[in-house]
Structure formats: C-alpha cells, structure tokens
Amino acid sequence: RKEFVDLYVNYVFNKSVRKPFEDFMQGFLRGCPARTWKMFLPVELQTVLQGHTEFDWRLLEKNVEYRQYKTSDRTIRNFWAVFDKLPEEKKKMFLAFLSGSDRIPGFGLEYFKFFIADPQTKNPDETYPSASTCSRILFLPR
C-alpha cells in the first residue's frame with residue numbers, strides 16, 4: 001500500500017503536471033531570465049512580483065503630496081480622520097481605487113508617493129472623489 005500511495009502521490013504532484021509546468025517555466029524565464037531572479041530568496045521574489053501586503057498607514061499619510069491643498073485644510077484633516085477609522089480591508093480598497101492594486105510595489109511604502117488634488121469644480125458638493133491610477137492622484141473635492 002505504501003508503494004502505491006507513494007507512486008500515486010508522485011504521479012499527481014509531479015508527473016501529471018510536468019508538461020504544463022515546463023511550459024509555464026519556459027514562458028516565465030523568457031520574461032524574467034534566471035540570472036535576474038536567482039539573486040532573490042523565494043520570499044523576496046514573491047515581494048518583487050506581488051508587492052507588499054503589510055502596511056504602515058501612517059507612512060502612507062506622510063508620503064502624500066498636496067496640490068491646491070495644504071495639510072491644515074479642513075477637507076484634508078477630515079479625509080485623514082475618516083481614513084484612520086476605516087478597517088484594514090477598506091484601506092486596501094482605497095489603495096486599489098487610488099493605484100489600481102491593493103498592494104504596494106516591491107520597492108516599499110517609504111517610496112510610494114501619491115497626490116491629493118482639488119479638482120476645482122464649480123459645485124464640489126455634486127462631485128465625487130475620483131482617481132488617476134497611473135499618476136496616483138486622488139481628486140478630492142472640497
């Protein structure tokens with residue numbers, strides 16, 4: 001029985017997926033040559049490819065730059081007061097709204113910058129916040 005189980009497990013986890021895995025590995029190595037990624041430990045490579053999943057939200061607040069706003073403006077103070085009260089999952093949803101991803105790129109949060117800008121609309125009460133994900137700009141009406 002042990003031999004049968006060993007052979008079956010080997011077939012399921014190794015032999016049956018050998019061809020698809022080889023195809024995947026060939027494509028992966030074409031886009032990311034082995035000499036480039038061999039310098040990383042597995043955990044580091046995962047971070048480079050997937051981004052960070054742990055956040056220091058205070059550091060995010062420090063890295064923001066304001067356009068047509070000042071840190072002391074009531075709109076900005078209210079924004080951060082509400083943001084601080086959000087649960088972790090909602091903060092990640094905000095990050096996805098802002099940047100298109102709920103993760104911080106591999107270079108780290110200390111280098112992740114975004115902007116909060118006033119869209120300068122005629123009637124800000126009728127304007128929703130919007131974002132330019134490519135430029136990481138949050139357009140926050142007053």
Side-chain angles (χ1 to χ4, degrees), residues 1-121 124-142:
R1 284 185 228 169
K2 183 182 179 337
E3 181 184 4
F4 173 78
V5 170
D6 290 344
L7 289 171
Y8 184 74
V9 168
N10 185 44
Y11 172 77
V12 169
F13 288 112
N14 296 316
K15 290 183 180 181
S16 69
V17 295
R18 180 170 286 137
K19 176 71 172 121
F21 181 76
E22 287 172 357
D23 293 342
F24 165 78
M25 184 59 91
Q26 183 180 1
F28 181 81
L29 291 175
R30 192 176 306 146
C32 186
R35 67 183 180 282
T36 304
W37 59 268
K38 278 190 175 178
M39 66 180 166
F40 295 108
L41 296 171
V43 167
E44 294 170 330
L45 182 61
Q46 182 177 7
T47 300
V48 167
L49 296 175
Q50 294 180 339
H52 292 277
T53 57
E54 305 273 324
F55 309 110
D56 176 0
W57 298 110
R58 295 277 179 215
L59 190 55
L60 182 73
E61 185 177 347
K62 275 186 182 178
N63 289 345
V64 70
E65 292 181 20
Y66 300 102
R67 296 181 179 170
Q68 300 95 25
Y69 276 119
K70 295 179 187 140
T71 309
S72 59
D73 287 339
R74 188 171 53 132
T75 303
I76 298 300
R77 289 192 327 261
N78 288 343
F79 171 79
W80 288 114
V82 169
F83 184 84
D84 288 340
K85 292 177 184 174
L86 291 175
E88 187 76 11
E89 203 54 41
K90 294 284 187 182
K91 289 179 180 180
K92 288 180 182 180
M93 289 172 70
F94 167 76
L95 194 59
F97 174 74
L98 174 68
S99 67
S101 174
D102 65 348
R103 295 171 183 233
I104 298 292
F107 51 79
L109 189 59
E110 56 272 7
Y111 300 105
F112 183 85
K113 293 207 181 293
F114 77 97
F115 304 91
I116 297 180
D118 182 355
Q120 298 180 332
T121 57
D125 289 336
E126 295 178 2
T127 306
Y128 292 110
S130 61
S132 171
T133 56
C134 294
S135 306
R136 292 195 296 244
I137 301 173
L138 173 65
F139 295 102
L140 187 64
R142 291 188 181 269

#### Entry: Identified side chain to side chain contact (heavy atoms under 4.5 Å, CB included) partner of Phe21 from the options Lys19, Met25, Arg18
Met25
### Query
Are the side chain of Arg77 and the backbone of Ser72 linked by a donor-acceptor contact shorter than 3.5 Å?
yes
### Query
Do you know which two heavy atoms are closest between Ile137 and Ala117, and how far apart they sit?
CG2-CB, 4.0 Å
### Separation between CZ of Phe28 and CG of Asp23, rounded to the nearest 0.5 Å
15.0 Å
### Message
Let me confirm one number: the OH-CG distance from Tyr69 to Asp118, rounded to the nearest 0.5 Å.
### Response
4.0 Å
#### Entry: Non-hydrogen side-chain atoms of Phe83 and Leu60 separated by less than 4.5 Å
yes
### Query
Under 3.5 Å, side chain of Asn78 to main-chain N/O of Thr75, donor-acceptor pair present?
no
### Query
Can you tell me how far the CZ atom of Arg136 sits from the CG atom of Leu95, to the nearest 0.5 Å?
9.0 Å
#### Entry: Rounded distance (nearest 0.5 Å) linking atom CD of Glu61 with atom CD1 of Ile76
10.0 Å
### Query
Quick one: does Trp80's side chain get under 4.5 Å of Ile116's, heavy atoms only?
yes
### Message
Over 60° means perpendicular and under 30° means parallel, so tell me whether Phe97 and Phe94 are parallel, tilted or perpendicular.
### Response
tilted
#### Entry: Nearest heavy atoms of Trp57 and Lys92, plus distance in Å
CH2-N, 4.1 Å
### Query
What is the minimum heavy-atom distance between Arg142 and Pro124, and which atoms define it?
O-CB, 3.4 Å
### Task
Could you label the plane-to-plane angle of the Phe4 and Tyr8 rings as parallel, tilted or perpendicular, counting under 30° as parallel and over 60° as perpendicular?
parallel
### Query
Taking atom NZ of Lys15 and atom CG of Leu7, what is their separation to the nearest 0.5 Å?
7.5 Å
### Verdict with supporting geometry, Phe79 and Leu138, side-chain contact (heavy atoms from CB on, under 4.5 Å)
CA-CA 11 Å; Phe79 171 79; Leu138 173 65; 3.8 Å; yes
### Query
Heavy-atom count around Glu3 CD within 6.0 Å, excluding the residue itself: above 12?
no
### Message
To the nearest 0.5 Å, what is the distance between CG on Leu140 and CZ on Phe115?
### Response
15.5 Å
